[in-house]
Novice: 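Structure in structure tokens, see below.
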Amino acid sequence: MVNAFYSPSDAHIIFCYELLEFLADLFVPDGQWTEEQRANVFGAVQFIMMHEVGHALVDVLDLPITGREEDVADQLAVYVLIRGGDKGAQAAVAGVSALQPSSNSFDETQLADEHSLGPVRLYNVMCWIYGSDPVKYSELVDGGSLPQDRAVRCPGEWDRMAKAWQRLLAAYRT
């Protein structure tokens, strides 16, 4: 099935082949791979895997969270990827872009899902990227991908998120 998930019963991350095929079809619909398309597929895989690592860390390390675990997992994915620079930021955007619904009309099942709605996840990821370095990622606001009203709060969101992950993981650094 088109899925990736963390299995707490056996502490494994499962990344289904069908998801990889889905990502390839999404980013390379004509089958003609370019360097940008390769980067988008690989980036989406990185984001999704780091999201699942977030679930694994919360479970295995018994980390406290005070919000929805799906949002926390997205935060860890962006926090780790952004530390990889521009390629990490591109990976985060590719990953969250791959998770967007084909339509912006949502039914009760989607509204009640444990994941935030696709567009909300997209704005959150862009906000955290922008917040990590507003000068470097100013194009997100200048290009209209991130509304200015949200962007003004993004550096604070990034700082709180980065500080929280640093503190949560400090005891496990080697």
Novice: Is a side-chain N or O of E18 found less than 3.5 angstrom from the main chain of V2, in a donor-acceptor match?
Specialist: no
Novice: Between CZ of R167 and NZ of K163, what distance do you get to the nearest 0.5 Å?
Specialist: 5.0 Å
Novice: Please report the C-alpha distance between W128 and D74 in whole Å, then the side-chain angles of each, then the deciding distance to 0.1 Å, and finally whether the side-chain contact (heavy atoms from CB on, under 4.5 Å) criterion is met.
Specialist: CA-CA 10 Å; W128 301 328; D74 281 352; 4.1 Å; yes
Novice: Could you tell me whether E36 atom CD has more than 12 heavy atoms of other residues or ligands within 6.0 Å of it?
Specialist: no
Novice: Starting at CD of E69, measure out to CD of Q75 and round the result to the nearest 0.5 Å.
Specialist: 11.5 Å
Novice: Tell me, do C154 and I129 make a side-chain contact under 4.5 Å, heavy atoms counted?
Specialist: no
Novice: Enter the distance from L57:CG to I65:CD1 here, rounded to the nearest 0.5 Å.
Specialist: 11.5 Å
Novice: Within the structure provided, determine whether Y130 and S145 are in side-chain contact (heavy-atom separation under 4.5 Å).
Specialist: no
Novice: Can F47 and V78 be said to form a side-chain contact (heavy atoms from CB on, under 4.5 Å), step by step?
Specialist: CA-CA 7 Å; F47 176 82; V78 174; 4.0 Å; yes
Novice: Spell out, yes or no, whether V60 and L63 are grouped together once hydrophobic residues are joined by side-chain heavy atoms under 4.5 Å, including indirect joins.
Specialist: yes
Novice: Give a yes or no on whether L111 and L122 share a hydrophobic cluster (residues Ile, Leu, Val, Met, Phe, Trp, Tyr; joining criterion: side-chain heavy atoms under 4.5 Å apart).
Specialist: no
Novice: If we only count heavy atoms from C-beta on, is the L23 to I48 side-chain gap below 4.5 Å?
Specialist: yes
Novice: According to a 4.5 Å side-chain heavy-atom criterion applied to Ile, Leu, Val, Met, Phe, Trp and Tyr, with indirect links allowed, do L61 and V72 form part of one hydrophobic cluster?
Specialist: yes
Novice: Any idea which heavy atoms bring A4 and E52 closest together, and the distance?
Specialist: O-OE2, 3.2 Å
Novice: For the backbone of G156 and the side chain of R160, can you confirm whether one donor and one acceptor N or O come within less than 3.5 Å of each other?
Specialist: yes
Novice: Measuring from atom CD of Q37 to atom CG of L26, what distance do you get when rounded to the nearest 0.5 angstrom?
Specialist: 10.5 Å
Novice: Would L19 and N3 count as a side-chain contact (heavy atoms from CB on, under 4.5 Å) if you check the C-alpha gap in whole Å, the side-chain angles of each, and the deciding distance to 0.1 Å?
Specialist: CA-CA 6 Å; L19 179 55; N3 201 1; 5.9 Å; no
Novice: Are M49 and F42 joined in one hydrophobic group, where the rule is that I, L, V, M, F, W and Y side chains link up if heavy atoms are under 4.5 Å apart?
Specialist: no
Novice: Locate the shortest heavy-atom distance separating Q46 from L81; write the atom from each residue and the value.
Specialist: CB-CD2, 4.0 Å
Novice: Which atom pairs, one a donor and one an acceptor, fall under 3.5 Å between side chains of residues 82-94 and the rest of the protein, sequence neighbours left out?
Specialist:
| from | atom 1 | to | atom 2 | distance (Å) |
| --- | --- | --- | --- | --- |
| R83 | NH1 | Y79 | OH | 2.7 |
| D86 | OD1 | K136 | NZ | 3.3 |
| D86 | OD1 | Y137 | OH | 3.2 |

Novice: Can you list every pair that meets ring-ring contact (aromatic ring centres under 6.0 Å, His included) and has a residue in residues 8-33, with sequence neighbours left out?
Specialist: none
Novice: Above 12 or not: heavy atoms from other molecules or residues under 6.0 Å from CD of Q100?
Specialist: yes
Novice: Output all residues satisfying salt bridge (charged side-chain N to carboxylate O under 4.0 Å, His left out) with R150, sequence neighbours left out; order by chain, then residue number.
Specialist: E157
Novice: List the atom of G54, the atom of L76, and the distance in Å for their closest heavy-atom pair.
Specialist: CA-CD2, 3.2 Å
Novice: Calculate, to the nearest 0.5 Å, the distance between atoms CD and CZ belonging to Q148 and R153 respectively.
Specialist: 10.5 Å
Novice: Report yes or no: do V53 and L168 belong to one cluster of Ile/Leu/Val/Met/Phe/Trp/Tyr joined by side chain heavy-atom distances under 4.5 Å?
Specialist: yes
Novice: Please assess R68 against E114 for the test side-chain contact (heavy atoms from CB on, under 4.5 Å), listing each intermediate value before the final yes or no.
Specialist: CA-CA 7 Å; R68 293 166 21 143; E114 67 270 14; over 6 Å; no
Novice: Under 4.5 Å between any side-chain heavy atoms of L117 and Y123, yes or no?
Specialist: no
Novice: Any sub-3.5 Å donor-acceptor pair from R173's side-chain atoms to L169's backbone N or O?
Specialist: no
Novice: Starting at CG of D10, measure out to CD1 of I14 and round the result to the nearest 0.5 Å.
Specialist: 6.0 Å
